[in-house]
Amino acid sequence: MTTPALLPLSGRRIPPLNLGPPSFPHHRATLRLSEKFILLLILSAFITLCFGAFFFLPDSSKHKRFDLGLEDVLIPHVDAGKGAKNPGVFLIHGPDGHRHREEEERLRNKIRADHEKALEEAKEKLRKSREEIRAEIQTEKNKVVQEMKIKENKPLPPVPIPNLVGISGGDPEDNDIREKREKIKEMMKHAWDNYRTYGWGHNELRPIARKGHSPNIFGSSQMGATIVDALDTLYIMGLHAEFLDGQRWIEDNLDFSVNSEVSVFEVNIRFIGGLLAAYYLSGEEIFKIKAVQLAEKLLPAFNTPTGIPWAMVNLKSGVGRNWGWASAGSSILAEFGTLHMEFIHLSYLTGDLIYYKKVMHIRKLLQKMDRPNGLYPNYLNPRTGRWGQYHTSVGGLGDSFYEYLLKAWLMSDKTDHEARKMYDDAIEAIEKHLIKKSRGGLVFIGEWKNGHLEKKMGHLACFAGGMFALGADGSRTDKAGHYLELGAEIARTCHESYDRTALKLGPESFKFDGAVEAVAVRQAEKYYILRPEVIETYWYLWRFTHDPRYRQWGWEAALAIEKYCRVSGGFSGVKDVYSSTPTHDDVQQSFFLAETLKYLYLLFSGDDLLPLDHWVFNTEAHPLPVLHLANTTLSGNPAVR
Ligand code: DMJ
């Protein structure tokens, strides 16, 4: 075997290492060379190791010391003077040089903050009930679904828009009536213009303080409740510039992704109802889109063990809860029972049956429940599905539930027989147990409370006069005349409650007790907050009877409102209708524009404006068209999935 000559290392091929047995003396020089070579290799490996160690050794700067020795001295950073971004930053000077105290401080603070945050989150979790956690999970799921929908960029399906009859007009032939109607329109302008000037974007107006106002039912956010509630009234009055102004605000500002806890019922009747009516009247897509966006935000309220929704929901988190005062955390009949009309329209317009299913589930559940004396108590626990306190009323807490049973039937083109039956059964029980005649011959609706009838009627219950008249047609055999008459009696009683005051405006509630008839007794019941129910009943009675007394009574109310509630900055409620020198409450309620002024305007319009065989008014007076569907399952709608 030949041994190749030793070649210089650089630039040449390194000879293979000879691993064979050493052979002397011939191999001596070769051995020395190999040794050198091995040494060289070891040396280079050592250098590489040191080099690597230098890079891979842990960075001491990352291992901050918190056990600072006494020798460490805190001295202010030279840069940390006045005007420096962080004057509280220090450097540490220790025996082993300067270390960055600034970095240590930052790290320390971060760890502290992280701990506190984790602790807070844990506490927050512990505070939450199962339902709340479930609701949060559901909200997250909904969010994902929503995001997917947005990604799909799926437009709302085209649906056959119902025949929209009588969305304008109604000009009265009679001069006097025309003037009255003009006056009501002027009142609307006054209410709107002042809200526009002093409360724009706020939920309501304080007409005396001349600033915005928001009751807690709308949460903490400025959602322009008055704008949304007033739109359809502006439209039918022909106030188109004002309508457009409102539309623009909605397009640019109405946002439901806010951390705000709202009343599901109020937001449904005022916002969803208002937006849907504005959509049907004007055909502007934006109103439909906003209505659907809001409805999606309300859906988490239904995430309860029974599917009976919470009274309130946080629009951002989807967490729901009930009012503390409502019979041990119960939901309220007039609230969860007043979603049907709007939700059916939402399913109709979106093709998504979720809304329909939610309200039908409520109906089915109520159908299955026992009803004491055939009456529906006002409170239902959404956790247990059991009634709360046995309190029944056709006024506050119960009212619009009965109204929506009748209107579900009307809105379905009288095909929802189930709803009609529930309505008929309910008013039969109401008539039997709650409706009485006073000694003076006034028919009133009392309240069932703690096992006896309280002879007290709320202003809110005055709407029932209109409801009885509206439901007369289609009632059980030979009862139509009876119900129309009953409606007229209620109208008369409620008129008396107005007529027996100093201001000719009705109190919040009135009693029938011995000599006391249709008069408020307690100071706390003497206020009038621009409510519509009595005028609403006059209007329905006018439409069905054309008895001039209803226009006359309506005009009396309009004059009283003008005289005692009008102030230079809008309209205000009054605290005591029995005092001839009224004190104002300084609130212009959104329903004054949505309902009170709308019903007055309709009272002095011809019947061709929003005819009742084509339109059904929700409980906030927002007109929704009758859906001429094959049945209430919406299967007649090609868009429904
Ligand atoms: C309105 O918001 C609705 O009519 C509701 O049904 C009850 N009452 C107020 C006005 O009084």
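Indexing begins at 1, ligand by ligand and atom by atom, following the structure's order. Given the structure is predicted, the values throughout are model-derived calculations rather than measurements. Worth knowing before you read on, the calculation uses all heavy atoms, side chains too, and leaves out hydrogens, waters and symmetry mates.
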Minimum-distance protein heavy atom relative to atom 2 (O) of ligand 1: Glu620 OE1, 2.5 Å
Distance from atom 6 (O) of ligand 1 to nearest protein heavy atom, with residue and atom: Thr619 OG1, 2.8 Å
Between [X] and ligand 1, which residue portion shows a heavy-atom distance shorter than 4.0 Å: side chain, backbone, both, or neither?
{"X": "Gln589", "value": "neither"}
{"X": "Glu533", "value": "side chain"}
{"X": "Leu460", "value": "side chain"}
{"X": "Pro532", "value": "side chain"}

Rounded distance [0.5 Å steps], CG in Leu406 versus OH in Tyr423: 5.0 Å
Given Trp448, Phe401, Tyr390, the one that forms ring-ring contact (aromatic ring centres under 6.0 Å, His included) with Tyr376: Phe401
Charged N-O contact under 4.0 Å between Glu418 and Lys421: no
Carboxylate-amine/guanidinium contact Arg531 Glu595, below 4.0 Å: no
Side-chain touch Leu453/His433, heavy atoms, less than 4.5 angstrom: no
